[in-house]
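Residue indices begin at 1 and follow the sequence shown.
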Amino acid sequence: MLKNTLLILALALAYYLLPQFLPWWSVAIPALVFGYFASNNLLAFSQAGTVLTLVWGVLAFIKNAGNAGLLAGKMGALFGGMSDLQLVLITAALGGLIGGLFGLTGHALKQVIAK
């Protein structure tokens with residue numbers, strides 16, 4: 001239990017820190033590593049995806065609140081009148097999908113190497 005909690009916290013920290021210095025897609029690196037060491041497909045997808053959903057969702061919410069929703073409001077108008085909250089939720093969902101798929105890819109890589 002403690003080992004799993006520490007892995008999830010390390011994953012969240014890596015998801016937060018890597019894009020500070022590298023491109024946004026650098027979140028794939030910790031997801032791949034986590035997926036490689038995950039015990040099954042479902043765990044690799046769900047945990048890597050859930051953690052990235054939370055990290056990107058919180059960051060998008062904080063950035064949106066920091067500028068009073070001005071940028072998200074203008075972007076929402078470009079996308080057919082979406083609200084800023086909808087854009088934050090879509091950002092979080094896309095992050096979760098990216099994290100989950102790269103976690104699953106890491107687990108598949110482990111299976112390929114094992115053969």
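Scanning all heavy atoms of the two residues, the minimum distance from Asn67 to Leu71 falls at ND2-CB, 3.6 Å. The minimum heavy-atom distance between Gly35 and Ala44, with the atom names listed, is CA-CB, 4.0 Å.
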Show the atom names and distances, to 0.1 Å, of all donor-acceptor pairs under 3.5 Å that link a side chain in residues 108-115 to residues at least two apart or in another chain.
from: Lys110; atom 1: NZ; to: Ala38; atom 2: O; distance (Å): 3.4
from: Gln111; atom 1: NE2; to: His107; atom 2: NE2; distance (Å): 3.3

Only distances under 3.5 Å count here; give the side-chain donor-acceptor pairs of residues 81-97 to other protein atoms, sequence neighbours excluded, each with its distance to 0.1 Å.
from: Ser83; atom 1: OG; to: Gln86; atom 2: N; distance (Å): 3.2
from: Asp84; atom 1: OD2; to: Asn64; atom 2: ND2; distance (Å): 3.2
from: Gln86; atom 1: OE1; to: Ser83; atom 2: N; distance (Å): 2.8
from: Thr91; atom 1: OG1; to: Leu87; atom 2: O; distance (Å): 2.8

N/O donor-acceptor pairs under 3.5 Å from side chains in residues 7-27, not counting sequence neighbours:
from: Tyr15; atom 1: OH; to: Ala48; atom 2: O; distance (Å): 3.2
from: Gln20; atom 1: NE2; to: Tyr16; atom 2: O; distance (Å): 3.3
from: Ser26; atom 1: OG; to: Pro23; atom 2: O; distance (Å): 2.8

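Side-chain contact between Val51 and Phe34 is absent, with no heavy atoms from C-beta onward closer than 4.5 Å.
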Practice problem: For side chain to side chain contact (heavy atoms under 4.5 Å, CB included), just list the numbers for Phe102 and Leu52, CA-CA rounded to whole Å, side-chain angles, deciding distance to a tenth of an Å, and then say yes or no. | Solution: CA-CA 11 Å; Phe102 275 104; Leu52 191 55; over 6 Å; no
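Linking ILVMFWY side-chain heavy atoms closer than 4.5 Å, directly or via other members, places Ile29 and Leu32 in two distinct hydrophobic clusters.
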